[in-house]
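In what follows, a structure is listed as structure tokens, so that the remarks can point back to it.
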Amino acid sequence: MTSNEHDGAGPARAAVDRVGAIARTLAIFGGALMLVTAVMVTLSVGGRWALRSAIPGDFELVQIATAVAVFSFLPLCQLGRGNVFVDTFTLRAPDWFNRSLDMLWDLVYAGFAWLIAWRLALGAYDAISSKTSSMVLAFPIGWAIAACAVMAAFLGLVTLLTMMKLGRGGR
Amino acid sequence: MSGAGVALTGFLGMLVLLGLRMPIGLAMLTVGSLGYVHFTSLPIFMNYLKTTPYHLFANYTLSVIPLFILMGALAEKSGLSTALFRAAAAFLGHRRGGLGMALIGACTGFGAICGSSVATTATFGRATLPEFKRYNYDPGFATGMIAVGGTLGILIPPSVILVVYAITTQQNIAKLFMAALIPGLMAAVFYCVVIAIVVRLRPEAGPALPRIGWAERLSVAVTVWPVMLIAIIVVGGIYGGIFTPTEGASVGCIAMLAVGLLQGTLGWAEIKQSIIQTAETSAMIFMILLGAEVFNGFLALSQLPDMAAQMVAQSGLPGYGVIVALLIFYIILGGVMDELAMILLTLPIFFPIVTALDLGMPADDIAIWFGILVLMVVGIGLTAPPIGLNVFVISAIARDVPITRTYRGVLPFVMADVVRLALVVAFPALALWLVNWLT
Amino acid sequence: PQVTLRMHHFLPPVANAHARFLLPWSKKVEAESGGRIKIDIFPAMQLGGAPPQLFDQARDGVADIVWTLPGNTPGRFPSVEAMELPFIAGKRGVTNSRAMAELAPTHFVKEFSEVHTLCLWAHDHGLIHSNKPVRSLDDMKGLKLRFPTRQAGEALRALGATAIGMPVPQVPEALAQGVIDGAVVPWEVVPSLRLHELVRNHTEFPGSPTLYTATFILAMNKPKYEGLPADLKKVIDDNSGMVAAVMAGAMWDERGTAVAEMVKARPRNTIIQLSADEVAKWRTATKPVEEAWIKSMKERNIDGQKLVDDVRAAVAKNMNA
Ligand code: NA
Ligand code: NA
């Protein structure tokens with residue numbers, strides 16, 4: 001999302017920019033996590049092949065890293081309007097109509113994001129209090145779920161901002 | 001209203017929402033949630049949400065998706081997928097439609113290291129669209145070819161869809177990969193034939209490029225050695241017994257990174273861009289997977305798939321009739337829903353029916369053959385309107401090309417797919433010969 | 001029907017546990033209720049979620065009944081691990097299942113108090129399926145084996161193998177590609193994972209105690225159970241505990257024997273029987289696993305030693321039952 005587009009009043013734009021920067025940083029953190037995971041897996045494969053000993057828990061680390069990384073990707077995707085939709089049937093509809101629809105769906109998405117954040121937070125609490133941990137490394141997965149809950153809440157915020165931006169005439 | 005009635009209403013409602021620009025993952029999530037609540041209760045659905053999003057995304061099999069996308073992004077940013085395309089173009093570009101055939105060739109090569117059609121589409125969408133534009137290809141023809149070429153990502157093994165099929169039906173993944181090879185290569189050939197026919201009918205759709213001399217061809221061909229090397233490492237590693245697809249994707253990522261760093265084509269800026277691209281594409285796919293998961297639960301609760309299975313069982317159709325009916329059903333279903341969701345939902349019900357059919361071959365052979373047929377209808381569903389994921393991906397990249405033009409560009413390829421499907425239905429040996437010969 | 005119950009589990013409908021245990025059990029309950037209870041089975045996680053969530057789904061009412069392994073959520077249900085420690089379980093599924101069912105009310109059910117426990121049981125002897133023959137402890141060195149439970153993983157490590165954790169669906173592929181050399185599972189699972197096609201060697205432990213077992217639970221949503229009218233509750237109760245455990249254990253034994261025969265008949269597959277002397281070495285090598293587990297239970301205020309002793313006694317008591 002470029003900031004030189006016309007997207008309305010100053011303070012709102014500043015907020016969007018700041019949140020956008022956080023979303024970018026978050027996604028880069030997630031991508032870096034995937035890269036680190038790829039390094040870990042490569043070392044594990046190499047170790048298993050050459051030394052007959054893999055990194056313990058490589059499979060479950062991949063699983064945890066993927067979940068955390070994907071949640072870190074969601075806000076950036078929304079910010080860039082990357083969630084695909086069908087525009088075939090509304091190509092000739094007036095701009096205000098399409099804009100209103102998009103704002104409505106943003107609102108629904110924000111609602112789901114916060115719902116998921118709230119439910120995941122409870123799920124994280126359950127997992128932490130029941131001491132549920134990963135199979136090999138006994139990593140308490142509740143903390144990974146908690147991190148996902150926080151990122152889902154941030155996704156809701158981002159989605160609300162993209163809606164406000166549409167309302168002010170931006171894209 | 002009966003369960004099936006509710007499910008059909010849900011389908012209809014989802015189509016309306018999709019027509020009204022609702023993002024596809026969100027539409028499935030919304031309708032799926034309402035349906036889930038209808039068949040259970042609000043508190044139950046609330047409890048369902050407590051861990052489902054996390055555990056869905058923490059699925060080992062699905063982890064290949066961001067990794068293959070990251071690998072593709074690194075390949076693209078370090079100029080490797082472009083090199084692959086340029087090399088193919090150097091040999092084929094002077095023909096009319098040759099650039100399109102080069103795309104198909106490059107997708108075939110990339111398909112051998114990539115298991116995801118979406119990743120393949122995204123990679124070549126970014127790498128080749130500027131080239132198609134430069135040489136005045138018809139925009140809809142170009143985006144259509146990229147969407148179709150992207151399906152080679154799954155049609156040529158390794159393939160995420162076959163992995164999911166193997167897990168759901170407890171079949172041997174290696175055998176399925178082998179079985180997919182001949183039909184996959186057939187797809188590449190058929191696509192090139194379609195391109196040749198299209199440019200014969202509409203020469204302006206795919207202009208020829210200036211012919212290139214052999215010396216230059218060879219010098220371009222040499223630039224693709226890193227891709228070849230990585231393909232050999234990744235494919236060789238997967239087939240030769242060194243790693244799983246997720247591990248292959250990880251090794252491929254690291255190899256790609258190493259090549260880019262050594263060649264000086266990857267810097268911090270390019271790596272960052274690769275990550276951003278991976279983030280956007282992966283997030284889009286996983287949002288759809290989340291929607292599909294909830295929608296799936298809703299459909300299972302409605303028992304619609306059970307009823308469909310019973311109808312098939314009681315229809316009195318002959319064995320081949322059932323297969324054809326199922327494939328038609330899949331093509332229609334694949335038109336309106338996510339393919340991964342479709343096979344996850346229906347296979348547990350259809351698979352036992354299919355393997356019990358009297359088709360004059362062993363149940364094990366039927367299982368492998370049917371897997372390839374499912375893969376092929378998935379390939380069709382990925383590009384066929386109204387919901388073709390590959391078309392969405394390419395539309396997200398080529399925002400100036402209306403989605404309807406892409407669909408028009410895709411159409412002749414879909415017809416070729418149907419012909420190929422009919423061939424593999426009529427001649428199961430196309431899928432089974434290699435498996436039985438090698439094992 | 002007066003009550004419809006949704007049963008949820010992670011295996012496909014072709015699996016033995018579905019077709020030969022959960023389905024007949026459900027039909028039995030339906031019949032004994034005079035058609036007033038109907039059980040809809042949703043296999044292969046059709047209602048959504050991943051296997052580790054099944055227990056919570058029963059607790060939260062997402063499903064009314066679930067079949068799962070306590071080991072799917074490691075660390076959460078520590079006490080049943082006593083049965084999963086190396087060289088505790090008996091050879092037969094009926095033995096282990098009866099022992100579990102007997103001890104359940106006094107020793108295990110407390111940890112599962114968030115649900116109504118219909119039945120706890122354990123499968124028959126697990127064995128080593130590998131592409132390299134395992135005839136002695138030395139053959140285990142560096143062998144890459146997929147382990148089924150956390151405690152079995154500890155045991156394999158103590159035996160010198162490289163214990164690799166991966167989800168079950170990954171096993172056939174990982175084997176075909178040489179990512180792992182083998183897997184440790186009971187006979188029953190062999191055909192569904194096509195292990196007999198992927199590896200040639202199967203190492204059995206003679207008699208009891210055997211290398212390991214894994215425990216299972218059939219759990220019901222508590223409010224759903226308590227909301228049943230008394231006579232229907234009785235139908236459920238009549239098919240809970242020992243009744244269900246024996247049904248399950250017998251199924252594993254029957255399939256285990258059948259699969260072992262099938263594999264034995266394949267000319268290229270070898271079934272290796274370890275000698276009693278050899279097994280003694282294996283038991284010594286895995287003793288520290290048991291000691292470490294008992295110590296770790298102390299940190300959770302659980303008397304691990306008593307659990308181990310009582311499980312051993314219950315297994316011994318049911319050896320020929
Ligand atoms: Na592929
Ligand atoms: Na589709």
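The chains referred to below are lettered A, B, ... by the order of the sequence lines, with proteins before strands, and numbering in each begins at 1.
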Tell me, out of A:Asn98, A:Val41, A:Leu74, A:Asp58, who's got the most heavy-atom pairs with chain B below 4.5 Å. A:Asn98
Return the option, out of B:Thr52, B:Leu29, B:Thr278, with the maximum number of heavy-atom pairs under 4.5 Å with chain A. B:Leu29
Options A:Leu104, A:Asp106, A:Leu76, A:Ile116, ranked by heavy-atom pairs under 4.5 Å with chain B, top entry: A:Leu76
Heavy-atom proximity to chain B below 4.5 Å, by part of A:Ala69: neither
Measure up the B:Phe57 and B:Phe286 rings against each other and bin them: parallel (under 30°), tilted (30 to 60°), perpendicular (over 60°). perpendicular
Step by step, work out the side chain to side chain donor-acceptor pair (under 3.5 Å) result for B:Glu270 and B:Ser78. CA-CA 8 Å; B:Glu270 285 80 18; B:Ser78 61; over 6 Å; no
By the definition side chain to side chain donor-acceptor pair (under 3.5 Å), identify the one residue from B:Thr383, B:Thr143, B:Thr121 that meets it with B:Asn390. B:Thr121
Nearest 0.5 angstrom please: A:Leu160 CG to A:Gln78 CD, how far? 10.5 Å
For chain B, which of A:Gly31, A:Ala67, A:Cys148 has the most heavy-atom pairs under 4.5 Å? A:Ala67
Applying a strict 4.5 Å limit to non-hydrogen atoms, the region of A:Tyr109 in contact with chain B is both
Chain B contacts, top residue of A:Val68, A:Leu115, A:Thr66 (heavy-atom pairs, under 4.5 Å): A:Thr66
Can you tell which part of B:Arg405 gets under 4.5 Å to a heavy atom of chain A, answering side chain, backbone, both or neither? neither
With a 6.0 Å cut-off on the ring centroids, do B:Tyr36 and B:Phe45 count as close? yes
Drop me the distance from B:Leu26's CG to A:Thr159's OG1, to the nearest 0.5 angstrom. 9.5 Å
Using 30° and 60° as the class limits, which term best fits the ring planes of B:Phe295 and B:Phe11: parallel, tilted or perpendicular? perpendicular
Interface moiety of B:Pro53 toward chain A, non-hydrogen atoms closer than 4.5 Å: both
Under 4.5 Å from a heavy atom of chain A, the part of B:Thr404 involved: side chain
Taking OH in A:Tyr125 as the centre, count heavy atoms belonging to other residues, nucleotides or ligands within less than 6.0 Å. Is the count above 12? no
Under 4.5 Å heavy-atom distance to chain A, tell me which part of B:Leu56 shows up: side chain, backbone, both or neither. neither
Among B:Leu67, B:Ile276, B:Ile403, residue most engaged with chain A (heavy-atom pairs, under 4.5 Å): B:Ile276
Should A:Phe85 and B:Met22 count as side-chain neighbours, where that means a heavy-atom distance under 4.5 Å? no
Comparing B:His55, B:Met46, B:Met287 against chain A, the one with the most heavy-atom pairs below 4.5 Å turns out to be B:Met46
Can a donor-acceptor pair be found, under 3.5 Å and without considering hydrogens, that links the side chain of A:Ser44 to the backbone of A:Ile55? yes
Side chain, backbone, both or neither: which part of B:Leu49 has an atom under 4.5 Å from a heavy atom of chain A? both
Heavy-atom pair with the smallest gap, counting every atom of A:Met151 and A:Pro75: O-CG, 4.3 Å
Can you tell me which of A:Val62, A:Ile28, A:Leu43, A:Ile141 forms the most heavy-atom pairs within a distance under 4.5 Å of chain B? A:Ile28
Selection from A:Leu122, A:Asp102, A:Ile64 maximising heavy-atom pairs under 4.5 Å formed with chain B: A:Asp102
Greatest number of non-hydrogen atom pairs under 4.5 angstrom with chain A, of B:Leu20, B:Thr246, B:Leu74, falls to B:Leu20
